[in-house]
2 protein chains.
Amino acid sequence: MNKDVSGKQAQILEFLREFIEEKDYPPSIRDIQEGCAISSTSVVDYNLRKLEDKGLIRRDREVSRGIEILGAHGRRPRIVEVPMLGTIAAGQPIPVPTSDRFGNDSDETVAVTEDMVRGKSNVFALRVKGTSMIEDLIDDGDIVFLEPAASATNGDRVAVWLKDRGEVTLKRYYHEGTRVRLQPANSTMEPIYTAPENVEIQGKFISSLRPSE
Amino acid sequence: MNKDVSGKQAQILEFLREFIEEKDYPPSIRDIQEGCAISSTSVVDYNLRKLEDKGLIRRDREVSRGIEILGAHGRRPRIVEVPMLGTIAAGQPIPVPTSDRFGNDSDETVAVTEDMVRGKSNVFALRVKGTSMIEDLIDDGDIVFLEPAASATNGDRVAVWLKDRGEVTLKRYYHEGTRVRLQPANSTMEPIYTAPENVEIQGKFISSLRPSE
DNA sequence: AGTGACGGCGAACATGCGTTCGGAGGGGCC
DNA sequence: GGCCCCTCCGAACGCATGTTCGCCGTCACT
């Protein structure tokens with residue numbers, strides 16, 4: 001079978017992409033017919049079957065507009081909207097992310113492709129203020145994605161709540177005997193030493209993103 | 001008018017999101033009816049009109065499944081597929097991105113939200129090999145997005161083709177009198193000095209992305 | 001009680017839309 | 001020519017689906 005689509009089939013495929021991009025729902029067979037100047041719906045059907053055979057689209061039979069583009073150029077990467085809960089590393093407390101997501105609609109969110117938060121489900125985002133993690137390549141203004149966590153292993157980058165100071169900060173976490181060392185990734189800054197009871201881990205670092213201004 | 005949807009309308013909206021997320025095309029009114037355990041199609045229609053009045057969805061009348069979710073939670077951020085043309089900073093030449101995009105379908109691409117390449121149209125991506133730009137927060141393994149360019153102003157981060165070496169590298173560009181200085185952002189590395197005729201600018205840095213492994 | 005807005009019901013209607021079918025050119029092959 | 005395979009036509013068929021319409025119960029207000 002001719003694997004590389006050509007002519008009419010390529011045209012239909014292209015039309016599919018444009019239509020979906022524009023309208024957010026797939027075209028009907030007759031939409032395709034008009035859009036590609038094809039004389040009969042059966043020709044469209046015929047070529048759609050071909051495309052389906054070649055694995056380029058998937059059709060839900062008996063369902064209006066039940067066409068879905070497959071393959072690298074059709075499969076839309078999943079987008080996740082991550083709630084942006086505030087700013088970190090400069091004093092302000094952040095609210096603990098509630099598992100109750102309902103009613104959050106008015107909150108600011110960042111939309112990212114799902115590979116930024118791979119696998120995780122309750123991810124939240126914080127905007128970084130300051131350069132204390134610069135050597136971990138996290139700059140002022142970057143966005144970090146965290147997953148809720150209550151504990152960490154040494155070396156993890158975590159958002160911690162310092163009870164005595166009433167602030168939240170992003171640091172590397174080291175439990176050293178009877179104390180906890182919160183290590184900035186910035187050689188001009190000193191680590192924070194404190195008692196384990198004074199720290200409350202809020203989230204674990206997943207990934208960071210530098211918004212292109 | 002009651003702006004905050006509740007009960008049945010919220011349920012329908014939620015069903016819409018889930019259905020589209022799963023199937024990639026909108027549900028029919030009867031799909032909604034079943035999915036939300038509603039007794040009549042007219043009730044669905046009634047509530048859809050309400051939702052439309054409130055500006056939460058858009059309907060294409062007389063069109064099957066012509067429902068589109070609006071608002072922050074419905075509008076999918078645009079995704080752009082950027083061609084990944086190769087690796088940069090360790091010797092291998094990269095092909096010049098051709099303006100002829102046709103037939104590129106088999107090439108590897110990265111899908112990112114459009115804000116990573118804001119405004120630009122012919123962006124391409126390269127995977128960074130090495131740490132020569134580490135102080136610009138570009139690490140080994142990062143992906144950089146570049147726009148085609150033939151010239152640059154001092155301080156720009158550019159991908160340049162070094163004719164005598166036959167390689168491409170990512171550096172900061174400084175034109176200094178009769179020579180060009182290509183400055184790594186890594187204090188352990190020395191700049192490259194060369195003649196202007198020897199360098200050919202291939203692209204200008206737009207943004208970088210650290211894939212979460 | 002009367003009234004009117006609101007949300008819901010169920011049936012019928014009119015179209016949208018996928019599918020099917022007989023048929024017709026146009027190669028490639030014997 | 002005769003025979004297959006691919007592609008395309010046009011029309012008809014029939015289920016899918018959006019829409020309309022009359023009617024009902026509830027609630028607030030008068």
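Chain naming here is simple, since letters A, B, ... match the order of the sequence lines and numbering starts at 1 in each.
Dense packing is recorded around CD of A:Glu14, with more than 12 heavy atoms of other residues, nucleotides or ligands lying under 6.0 Å away.
B:Ile29 has its CD1 atom 15 Å from the C1' atom of C:dC9, to the nearest Å. Residue B:Gln11 contributes atom CD, which lies 14 Å from atom C1' of C:dG8 at whole-angstrom precision. Taking atom CG of B:Asp45 as the reference point, atom C1' of C:dG7 lies 13 Å away to the nearest angstrom. Counting to the nearest Å, the C1' atom of C:dC17 and the CG atom of A:Asp60 are 15 Å from each other. The interatomic distance linking A:Ile38 (CD1) with C:dG18 (P) rounds to 13 Å, in whole Å. The interatomic distance linking A:Phe19 (CZ) with C:dC17 (P) rounds to 9 Å, in whole Å. Atom CG of A:Leu48 and atom P of D:dC8 are 12 Å apart (whole Å). Rounded to whole Å, atom C1' of C:dG18 lies 15 Å from atom CD1 of A:Ile12.
For C:dT19, one of the phosphate oxygens OP1 or OP2 lies less than 4.0 angstrom from a side-chain nitrogen or oxygen of A:Arg59. Residue A:Lys50 places at least one side-chain N or O under 4.0 Å from the OP1 or OP2 atom of D:dT7. Taking only side-chain nitrogens and oxygens, B:Asn47 comes nearer than 4.0 Å to OP1 or OP2 of C:dG8. Residue B:Ser42 places no side-chain N or O under 4.0 Å from the OP1 or OP2 atom of C:dG10. Proximity of A:Tyr46 to the phosphate of D:dC8: no side-chain N or O atom is located under 4.0 Å from OP1 or OP2. Close to C:dC17, at under 4.0 Å from its OP1 or OP2, lies a side-chain N or O of A:Arg65. Under 4.0 angstrom from either OP1 or OP2 of D:dT20 there lies at least one side-chain N or O belonging to B:Arg49. Listed pair B:Ser39 / C:dG8 fails the phosphate criterion, with no side-chain N or O lying under 4.0 Å from OP1 or OP2.
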Review point. Stepwise, does the salt bridge (charged side-chain N to carboxylate O under 4.0 Å, His left out) test hold for A:Asp136 with A:Arg172?
Key: CA-CA 10 Å; A:Asp136 274 348; A:Arg172 282 191 179 266; 2.8 Å; yes

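Taking only side-chain atoms of A:Ser64, from C-beta outward, the nucleotide of C:dC17, D:dT19, C:dT20 with the closest atom is C:dC17.
Nucleic acid contact class of A:Ser40 (heavy atoms, under 4.0 Å, all strands): base.
The base of C:dG16 has none of its N or O atoms less than 3.5 Å from a complementary donor or acceptor on the side chain of A:Arg30.
Using modelled atom types, one finds no donor on one side chain facing an acceptor on the other under 3.5 Å when comparing A:Asp45 with A:Ser42.
B:Glu52 and B:Arg49 are not joined by a salt bridge, as no carboxylate oxygen comes within less than 4.0 angstrom of a charged side-chain nitrogen.
In terms of modelled atom types and a separation under 3.5 Å, the side chain of B:Arg210 and the main chain of A:Leu137 share a donor-acceptor contact.
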